[in-house]
Amino acid sequence: MFTDFGKSPSTRFATLRYALLAGLCTLLFGALGSLLLLRAKDAGVSIPSSLLYAGVLLIAGLTAGFVWLLAWRAARIHASARSESPDQAERLRQEIETLYDRTTDGVIIVDSEWDFIYLNSQAGRLLGRQPEELVGKNAWAEYPEAAEQPLYRVLLQARNEQQVLHLEVHYPPWDRWFDLHGYPSADGNVSFFFRDVTERHISATALADERNLLRSIIDALPDAVYVKDAEHRFIVANQAMADNLNASSPEQILGKTDFDFFPGADAAHFQAQERQLLQTGALNREDEARGVPPLGGSYETERWFRGHKAPLFDASGLVIGLVGVAQDVTEQRQAQDALRASEERFRLLFEETPLSLWEEDYTAIKQRLDRLQDQGIDDLRGYLAVHPEEIAACLSELSVLNVNETSVQMYRAADKTELIQNISRIIPVEQRASIIESYLRVAEGETQFEQEVVDSTLTGEKLVLFMRWTRLPAAVEGEIRVLVALVDITERKQLEEDLRRQALLLDQISDAVAASDENFIIRSWNRAAEAIYGWRADEAIGKRTSEIFQTRFFSGDFREAADSLIAQGHWQDEVVQTRKDGSTLSVLVSLTAVRDN
């Protein structure tokens, strides 16, 4: 009844009545106590005056305390009654609604029948309806598709079991993601606070996908990749790095430092380098270094690594760690050693081979021909045919770098120096027009060229030779160096005869047979190929295989076929190719790599 104080006059009167009754009872019990004490004294009971006074004071104190307690309770009831006045309640309701409308979350309150009791403005925007349109209506009737979603069962369970709910859920009908909080009450009402987190979810998903992609890339790299923090601890590593440290997985090395894997002196050296990088923020590229086996491990063969380390910055630009890549260059190192040995063997073969070999520099000749074109001379062949002085000038620009001993003997020279200094004497004037063709082929970018030439020895004997030159890798950009091989024509004629027989044999085969160089430029094309694909030999030779065949693979692609051809020396599969007229045909293609020495 106290909780109703202030709501009506009758309630207030009843409250005051009980308060008055309590006061009268207090006075009555106080007087009765005093009377009993006086009667006891009159009856001869010895009661000290101090005890009498104490009893009276005790009763008075208890009476005053009870009255004070009653007054305090009445004041609380009165204050509560005033706070629950209709105006105050309305004001409180408005403040709550204003607070809900200011929040960025949607707020919905439903009753036990899932009828909307309240929606704030943000909830209306998220639901695409005005709040006043939904109040009093059933949620599942207004949004029947929601009842078909898994969310429906989750909400029912949370309400029935009086469980506070929090989940991030996808709503398929709208293809949106929501962060939802639900608070069921004992009376069956449920309050929901929710917000649209679709963009955040998309961003988080994209970020997760990007991280997974980056993780996949890192794990797929053959090089060891790792990230360290400012304390030199591994915080990211791929499997290749784990393998280098004799760990079964990247997780086994996370949180550890080089001191956990290498001898102390080596680990200290690594950290000293990293400390300088962390202090300066400068990229560190290490030269090739001999690999240090991890603790408890060893290398069957010597291993070499090339390291790259770069600072890792935070959003403010501070260095917070480093990113490192350790590339195992053992095979490259072995290849370099093999190359040096090969070069040495080449020099030995160059000197000892029975063929006449010349190492020549065509750079100055190419530059001279370029100048002629810059002057507007497009037809260099026609121009040189009527300007023999230009041919002689080109010949003077030829730089012979080296010749072998076989060449010295073939041209009847005393030594290499005499032969090189008299290059103009061994090429007769009437043959210079033909030799200039090789210079033009170089200017046009060709890498190989063959032709028959007629030279003279320094003692005047005629030499009929077959010349073949091959462009060598340039040590300097723009440099053109060629290796010229000269053989006796008799041997060459015999070789040509063998080639003609082989060509005749190929023309008798009913299968299409084509040959290409290492750049997949067609170099031969038999008659069967002409009949099957419709391209004449002169049309096909010189073109790329992709341009002629336009191959479509049933499985894999050209790169896989090329890799298999290079690695295994052979590739065979059924493909679809295109004829010259555009029609297609299914063929079984067999490729065989022809390797040089």
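In what follows, every heavy atom counts, from backbone to side chain, and hydrogens, waters and symmetry copies are set aside.
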Check: Is it true that the NZ or CZ of K256 lies under 6.0 Å from the centre of F234's six-membered ring and within 45 degrees of the ring axis?
Finding: no

Check: Are side-chain heavy atoms of I427 and D455 found at a separation under 4.5 Å?
Finding: yes

Note to self: Just to verify, what does D511 make a salt bridge (charged side-chain N to carboxylate O under 4.0 Å, His left out) with, not counting sequence neighbours?
What the structure shows: none

Next item on the list: Provide the closest heavy-atom pair for A282 versus P311 in the form atom of the first, atom of the second, distance.
Entry: O-CD, 4.0 Å

Check: Say you draw a straight line from OG of S590 to CH2 of W571; how long is it, rounded to the nearest 0.5 Å?
Finding: 9.0 Å

Notebook entry, point to check: Would a 4.5 Å heavy-atom cut-off, applied to side chains only, mark F262 and D258 as touching?
Noted result: yes

Next item on the list: Run the numbers on V587 and E574 for side chain to side chain contact (heavy atoms under 4.5 Å, CB included), then give the verdict.
Entry: CA-CA 6 Å; V587 295; E574 187 174 345; over 6 Å; no

Item checked: Short side-chain to backbone donor-acceptor contact, Q252 and S248, under 3.5 Å -> yes

Margin query: Could you check whether any side-chain N or O of H570 sits under 3.5 Å from a backbone N or O of L565, counting only pairs where one atom can act as donor and the other as acceptor?
Written below: no

Margin query: Does either side chain, that of N404 or that of S407, offer a donor lying less than 3.5 Å from an acceptor on the other one?
Written below: yes

Next item on the list: Inspect the surroundings of CZ in R211 and state if more than 12 heavy atoms from other residues, nucleotides or ligands are less than 6.0 Å away.
Entry: no

Item checked: Flag side-chain contact, heavy atom, 4.5 Å: V454 against K462 -> yes

Margin query: If the condition is side-chain contact (heavy atoms from CB on, under 4.5 Å), which residues does S342 pass it with, not counting sequence neighbours?
Written below: R345

Margin query: Given 3.5 Å as the limit, does a donor-acceptor pair link the side chain of T280 with the main chain of Q276, or not?
Written below: yes

Notebook entry, point to check: Does the side chain of Q577 come under 3.5 Å of the side chain of Y533 through a donor N or O and an acceptor N or O?
Noted result: yes

Checklist line | All side-chain contact (heavy atoms from CB on, under 4.5 Å) counterparts of D538, not counting sequence neighbours | finding: R536

Next item on the list: With sequence neighbours left out, write down each residue that passes side-chain contact (heavy atoms from CB on, under 4.5 Å) with I521, or none if nothing qualifies.
Entry: D517, N519, R523, R544

Next item on the list: State, to 0.1 Å, how close A562 and F520 come at their nearest heavy-atom pair, and which atoms those are.
Entry: CB-CZ, 4.4 Å

Notebook entry, point to check: Would the number of heavy atoms belonging to other residues, nucleotides or ligands and lying under 6.0 Å from CD of E389 be above 12?
Noted result: yes

Note to self: Has H269 got a side-chain atom pairing as donor or acceptor with A265's backbone, closer than 3.5 angstrom?
What the structure shows: no

Next item on the list: Classify the side-chain pair Y226/N238 by whether it contains a donor and acceptor separated by less than 3.5 Å.
Entry: no

Checklist line | Non-hydrogen atoms of R579 and T584 that approach each other most closely | finding: NH1-O, 3.4 Å

Notebook entry, point to check: Between atom CD1 of I480 and atom OG of S399, what is the distance when rounded to the nearest 0.5 Å?
Noted result: 12.5 Å

Check: Does the side chain of V227 come within less than 4.5 Å of L312's, by heavy atoms?
Finding: yes

Note to self: Please tell me whether T363 and Q367 have a donor and an acceptor in their side chains that are separated by less than 3.5 angstrom.
What the structure shows: no

Next item on the list: Using a strict cut-off of less than 4.0 Å between a Lys/Arg side-chain nitrogen and an Asp/Glu carboxylate oxygen, indicate whether R381 and E444 qualify as a salt bridge.
Entry: yes

Notebook entry, point to check: Under 4.5 Å between any side-chain heavy atoms of T551 and F558, yes or no?
Noted result: no

Checklist line | Beyond-backbone contact of F305 with Q327, side-chain heavy atoms, under 4.5 angstrom | finding: no

Check: What is the distance from atom CG of L463 to atom OG1 of T457, rounded to the nearest 0.5 Å?
Finding: 6.0 Å

Next item on the list: Indicate yes or no: does R441 engage E437 in a salt bridge with an N to O separation below 4.0 Å.
Entry: yes

Checklist line | Verdict with supporting geometry, L398 and I365, side chain to side chain contact (heavy atoms under 4.5 Å, CB included) | finding: CA-CA 7 Å; L398 175 63; I365 297 176; 4.0 Å; yes

Next item on the list: Could you walk me through whether W535 and F549 pass ring-ring contact (aromatic ring centres under 6.0 Å, His included), step by step?
Entry: CA-CA 10 Å; W535 295 90; F549 296 121; 9.5 Å; no

Notebook entry, point to check: With the threshold set at 4.0 Å, does a side-chain nitrogen-carboxylate oxygen contact exist between R471 and E446?
Noted result: no

Margin query: Tell me whether R412 at atom CZ has more than 12 heavy atoms from other residues, nucleotides or ligands lying less than 6.0 Å away.
Written below: yes

Note to self: Give me the atom names and distance for the closest heavy-atom approach of L458 to L419.
What the structure shows: CD1-CA, 4.5 Å

Next item on the list: Using the test salt bridge (charged side-chain N to carboxylate O under 4.0 Å, His left out), find all partners of R552 that sit at least two apart in sequence or belong to another chain.
Entry: none

Margin query: Within the 3.5 Å criterion, strictly below it, is a donor on E418 or N422 matched to an acceptor on the partner's side chain?
Written below: no

Next item on the list: Answer yes or no: are there more than 12 heavy-atom neighbours, outside E331 itself, under 6.0 Å from its atom CD?
Entry: no

Next item on the list: Could you tell me how the ring of F449 sits relative to the ring of W469: parallel (under 30°), tilted (30 to 60°) or perpendicular (over 60°)?
Entry: tilted

Next item on the list: Answer yes or no: is there a donor N or O on one side and an acceptor on the other, between the side chain of T406 and the main chain of T353, under 3.5 Å?
Entry: yes

Note to self: To check you understand the geometry: which heavy-atom pair defines the closest contact between L369 and C394, and what is its length?
What the structure shows: CD2-SG, 4.1 Å

Next item on the list: Quick one: do Y439 and I391 satisfy side chain to side chain contact (heavy atoms under 4.5 Å, CB included)? Show the steps, please.
Entry: CA-CA 10 Å; Y439 305 153; I391 297 177; over 6 Å; no

Check: Which atoms form the tightest heavy-atom contact between Y411 and S456, and what is the distance?
Finding: CD2-O, 3.4 Å

Next item on the list: Could you walk me through whether T205 and D209 pass the side chain to side chain contact (heavy atoms under 4.5 Å, CB included) test, one step at a time?
Entry: CA-CA 6 Å; T205 302; D209 291 343; 3.7 Å; yes

Notebook entry, point to check: Is the closest side-chain heavy-atom distance between R303 and N244 below 4.5 Å?
Noted result: yes

Item checked: Student check: side-chain heavy atoms of V575 and L588 closer than 4.5 Å -> no

Note to self: Measuring from atom CG of L380 to atom CZ of R368, what distance do you get when rounded to the nearest 0.5 angstrom?
What the structure shows: 12.0 Å

Next item on the list: Name all residues meeting the side-chain contact (heavy atoms from CB on, under 4.5 Å) criterion together with K416; count only those two or more places apart in sequence or in a different chain, and write none if there are none.
Entry: E351, N402, V403, V408

Check: At what distance, to the nearest 0.5 angstrom, does CD of Q550 lie from OG1 of T578?
Finding: 4.5 Å

Check: Roughly how far, to the nearest 0.5 Å, is OG of S438 from CD of Q448?
Finding: 14.0 Å

Margin query: Applying side chain to side chain donor-acceptor pair (under 3.5 Å) to N526 and E530, what does each step give before you reach the verdict?
Written below: CA-CA 7 Å; N526 73 342; E530 290 182 339; over 6 Å; no

Check: Among side-chain atoms of T257 and H232, is any donor-acceptor pair under 3.5 angstrom?
Finding: no

Margin query: Check R306 with D223, please: is the shortest side-chain N to carboxylate O separation under 4.0 Å?
Written below: no

